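Report on the following structure.
Predicted, not measured: the structure shown is a model, and the values here were computed from it. Per chain, numbering begins at 1; letters A, B, ... match sequence-line order.
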Amino acid sequence: MTVRTRFAPSPTGLLHIGGARTALFSWLHARHHGGEFVLRIEDTDRERSTAESVAVILEGMAWLGLEYDEGPIFQTQRFDRYHEVLSQLLSEGKAYRCYCSKERLTVLRAEQMARGDKPRYDGHCRHVRRPPSATTPSVIRFLNPNEGTVVVPDLVRGAVEFRNDELDDLVLARTDGTPTYNLTVVVDDLDMAITHVIRGDDHLNNTPRQINIFQALGSAPPSYAHVPMIMGSDGQRLSKRHGAVSVLQYRQEGYLPEALLNYLVRLGWSHGDQEVFSLDEMVDFFDVRDVNRAASTFDPDKLQWLNHQYIKNVDPAHIARHLSWQMGRLNIDPAAGAALIEVVMVQRERSKTLREMAQNSVFFYEDFDDYDAAAAKKHLKPGIIGPLTRIREDLQAVSQWAASSIHEVIVDNAEAGGLKLGQLAQPLRVAVCGRAASPPIDTTLELLGRERALARIDRAIEYLRHQKSHP
RNA sequence: GUCCCCAUCGUCUAGCCGGCCUAGGACACCGCCCUUUCAAGGCGGCAACACGGGUUCGAAUCCCGUUGGGGACGCCA
């Protein structure tokens, strides 16, 4: 049987870290087994589902590169099928109409809580068996077995047992006739021939109910793997309403999708001491059964470290494409200066994110307005006018505008002026970059281009003269 | 409250089918080295088996309990 997994988000918010990891695990499981991965949008909650959320989820999946073999399938387009199953269950006596008012249920729940019981439906309408009424609204409830136990054979947790009398008769269809989650998942997982359901362990408690529904439908449930939640730094679960940010925000912040994926795969899963995994390695090594049972905490520092690893080691041309996107966000025209790939080469060691790389490379493409105040104060002092003027002449005269020859000029000038390398390099750096930190000054000058470099030195000299005359 | 899940350094984890563990790696942090800046890199350091009972010659590893955390208890998914 072909392994088939699915990722089934509800479009009621963003695609966050937790969802992305569930999607990744499902995707990896399918790929590892040469199976198929399905994307299903669980949009039966008409109140909260939005087209924007759908778009964001699809974009997030695409950015991460989690390609699906089928989908997106929308549950709202399968209502006919759900109704068919509903009437089947109804006619077989495995579901029934419930006419209880919301008020009655609220009171019931309050009483049960007060008594120290688990709130659950009391089966009041179980044996009423009235046809739908035009005047009294009704829902359809599943007739859950009230004896025995249900065992959830879970790939990460082992067998988890629930007593049927802990489970109540859940609502399968709302007053307005629309089906609810617990019915639609079952029908869909069945119809879509899903073999492995990998999802957050917040669903573990729903699983015995779903298994009972599978049974009522005369079918075997799929295999389950409930993966632990991801917590925020405050120890609280990461969720749409708590500390979760869209995966797309990581793109904006300059993270590589492969770095995020790598970070995510190591959250709750490991392969010995290995930290960095190519996509192929993930597919090869991943096994849901190796997923941890304990929840883990999201650590932005480690994500950043991994991102830096990728920036440093991945093909510069690939990084350059992502850098180009970041440059675009800063309204920088990459054609206005050094080739992006060259910039990547000199900046990758000192850039943990692509956004940082872009921000620190703006001066290659655009003149800056002001010098960094602290840098100017420290390095642009009147005494440096002479050395800057002399090196400017030598730089203008150098035959080959290349880092090596530029380097020689700097060394020679420092020596001739009785300056330590840093005493000349730093003022020069501030002059051409506007700040005290940059890639090595010789390559920086090379990438800047002679014309631009000389112009900026001129500007610095002018600035210094002005400072001198107007202290 | 009831049910379910979980428990190794601050964080992610290795280990878990018992001895190879004076508990390993990574991130972060702190030193030192290198150095034209910022980095990168090298070397070193700090730091954990939640607690209590068992079982055993021997337990981080198995069992029970306690405590702590998380989840579920919806006409949300």
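Checked by distance alone, A:N206 brings no side-chain donor or acceptor within 3.5 Å of a matching partner on the base of B:A72. Within 3.5 Å, a donor on the side chain of A:T175 pairs with an acceptor on the base of B:C75, or the reverse.
At the heavy-atom level, A:A294 lies under 4.0 Å from the strands shown only through sugar-phosphate atoms. Counting non-hydrogen atoms under 4.0 angstrom, A:E275 reaches a base of the nucleic acid. Contacts of A:S270 with the nucleic acid, taken as non-hydrogen atoms under 4.0 Å apart, involve only primed sugar atoms and P, OP1 or OP2. Within 4.0 Å (heavy atoms only), A:R157 reaches sugar-phosphate atoms of the nucleic acid but no base atom. Residue contacts shown for A:D176 are absent, as no nucleic acid heavy atom lies under 4.0 Å away. Nucleic acid contact for A:P440: base, since at least one base atom lies under 4.0 Å from a heavy atom of the residue. Counting non-hydrogen atoms under 4.0 angstrom, A:V171 reaches the backbone sugars and phosphates but no base. At the heavy-atom level, A:P208 lies nowhere under 4.0 Å from the strands shown. Contacts of A:S438 with the nucleic acid, taken as non-hydrogen atoms under 4.0 Å apart, include base atoms. Here A:R115 lies out of heavy-atom contact (under 4.0 Å) with every strand.
Side-chain contact between A:L24 and A:L64 is absent, with no heavy atoms from C-beta onward closer than 4.5 Å. At a threshold of 4.5 Å between non-hydrogen side-chain atoms, the residues A:P9 and A:L15 do not count as touching.
B:A39 and B:A77: their C1' atoms are spaced 46 Å apart (whole Å). Between B:G65 and B:U2, the distance separating the two P atoms is 15 Å to the nearest Å. Taking atom C1' in both B:A7 and B:C64, the straight-line distance is 16 Å, to the nearest Å. On the C1' atoms, B:C75 is 27 Å away from B:G70, given to the nearest whole Å. For the C1' atom pair drawn from B:G45 and B:U61, the interatomic distance equals 29 Å after rounding to whole Å. B:C62 sits 10 Å from B:C17 when the C1' atoms are compared, rounded to a whole Å. Nucleotides B:U56 and B:C49, compared at atom P, are 26 Å apart to the nearest Å. Between B:G42 and B:A28, the distance separating the two P atoms is 13 Å to the nearest Å.
Counting only N and O atoms by type, the side chains of A:Y181 and A:N206 include no donor and acceptor under 3.5 Å apart. Judged purely by distance below 3.5 Å, without hydrogens or angles, the side chains of A:Q75 and A:R78 never pair a donor atom with an acceptor atom. A donor and an acceptor atom, one from each side chain of A:D43 and A:T76, are located under 3.5 Å apart. Counted by atom type alone, A:H318 and A:Y310 present zero donor-acceptor pairs between their side chains at under 3.5 Å. Using modelled atom types and a 3.5 Å distance limit, the side chains of A:T178 and A:D176 yield a donor-acceptor pair. One side chain, A:D188 or A:Y82, offers a donor N or O that lies under 3.5 Å from an acceptor on the other. A donor-acceptor pair shorter than 3.5 Å can be found between the side chains of A:Q210 and A:N182.
A distance of 5.5 Å separates CG of A:L90 from CZ of A:R97, quoted to the nearest 0.5 Å. Distance CG/A:D191 to CZ/A:R40: 9.5 Å, rounded to 0.5 Å.
Annotation: of the two residues near RNA chain B, A:V156 and A:D43, the 5′-most nearest-nucleotide partner is A:V156. Heavy-atom nearest nucleotides on RNA chain B were determined for A:P179 and for A:A159, and the one closer to the 5' end corresponds to A:A159.
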Listing time: all N or O pairs from protein to nucleotides 17-24 of chain B that are below 3.5 Å?
unit_1, atom_1, unit_2, atom_2, d
B:G24, N2, A:D273, OD1, 2.8

At a cut-off of 3.5 Å, list every protein nitrogen or oxygen paired with a nitrogen or oxygen from nucleotides 39-43 of chain B, distance to 0.1 Å.
unit_1, atom_1, unit_2, atom_2, d
B:A39, O2', A:E349, O, 2.5
B:A39, O2', A:R350, N, 3.4
B:A40, OP1, A:K352, NZ, 3.3
B:A40, O3', A:K312, NZ, 2.9
B:G41, OP1, A:K312, NZ, 2.8

Please write out the pairs of protein N or O atoms and N or O atoms of nucleotides 64-71 of chain B separated by less than 3.5 Å, giving the distance to one decimal.
unit_1, atom_1, unit_2, atom_2, d
B:G70, OP1, A:Q236, NE2, 2.4
B:G71, O3', A:R237, NH1, 3.4
B:G71, N2, A:N205, OD1, 3.4
B:G71, N2, A:N205, ND2, 3.3

Under 3.5 Å, which N/O atoms of the protein pair with N/O atoms of nucleotides 45-48 of chain B?
none

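Only one option out of A:V150, A:N164, A:N144, A:V160 pairs with A:P208 in a side chain to side chain contact (heavy atoms under 4.5 Å, CB included); it is A:V150. Partner A:R199 forms a side chain to side chain contact (heavy atoms under 4.5 Å, CB included) with one of A:F25, A:F7, A:Y224 and no other, that one being A:Y224.
Using cut-offs of 30° and 60° on the angle between ring planes, the pair A:H271 and A:F285 is parallel.
With a cut-off of 3.5 Å on both pairing distances, the Watson-Crick or G-U wobble partner of B:G44 is B:C30. Base pairing of B:C16 is not made with any nucleotide, judged by Watson-Crick or G-U wobble geometry with both donor-acceptor distances under 3.5 Å. Pair assignment for B:A72 gives B:U2, based on Watson-Crick or G-U wobble hydrogen-bonding distances that are each under 3.5 Å. Across all strands shown, B:C49 forms no Watson-Crick or G-U wobble pair with both distances under 3.5 Å. Summarising the base pairing, B:A7 is matched to B:U67 through a Watson-Crick or G-U wobble pair whose two defining distances lie under 3.5 Å. Base pairing annotation: B:C38 forms no Watson-Crick or G-U wobble pair, as no partner gives both donor-acceptor distances under 3.5 Å. Base pairing analysis places B:C62 opposite B:G54; the two distances defining the Watson-Crick or G-U wobble pair are each below 3.5 Å. The base-pairing partner of B:C21, taking Watson-Crick or G-U wobble contacts with both distances under 3.5 Å, does not exist among the strands shown.
Under 4.0 Å is where a charged nitrogen must lie from a carboxylate oxygen, and between A:R209 and A:D168 at least one such pair does. Taking the charged nitrogens against the carboxylate oxygens, A:R104 and A:D122 do have a contact shorter than 4.0 Å, which makes a salt bridge. Salt bridge A:D154/A:R293: absent, no basic N to carboxylate O contact under 4.0 Å. A salt bridge is absent between A:R350 and A:E356; no separation between the charged side-chain nitrogens and carboxylate oxygens falls under 4.0 Å.
The backbone N or O of A:L395 lies less than 3.5 Å from a partner atom in the side chain of A:R450, making a donor-acceptor pair.
Checking the phosphate oxygens (OP1, OP2) of B:G74, a side-chain nitrogen or oxygen of A:R109 falls inside 4.0 Å. Under 4.0 angstrom from either OP1 or OP2 of B:G74 there lies no side-chain N or O belonging to A:N182. For B:C12, one of the phosphate oxygens OP1 or OP2 lies less than 4.0 angstrom from a side-chain nitrogen or oxygen of A:T297.
For A:E47, the CD atom is loosely surrounded, since the number of other residues' heavy atoms within 6.0 Å does not exceed 12.
A heavy atom lying under 4.0 Å from RNA chain B marks the following residues of residues 253-268 of chain A, by number: A:R266, A:L267, A:G268. Listed by residue number, the members of residues 423-431 of chain A with any heavy atom below 4.0 angstrom from RNA chain B are A:A425, A:Q426, A:R429.
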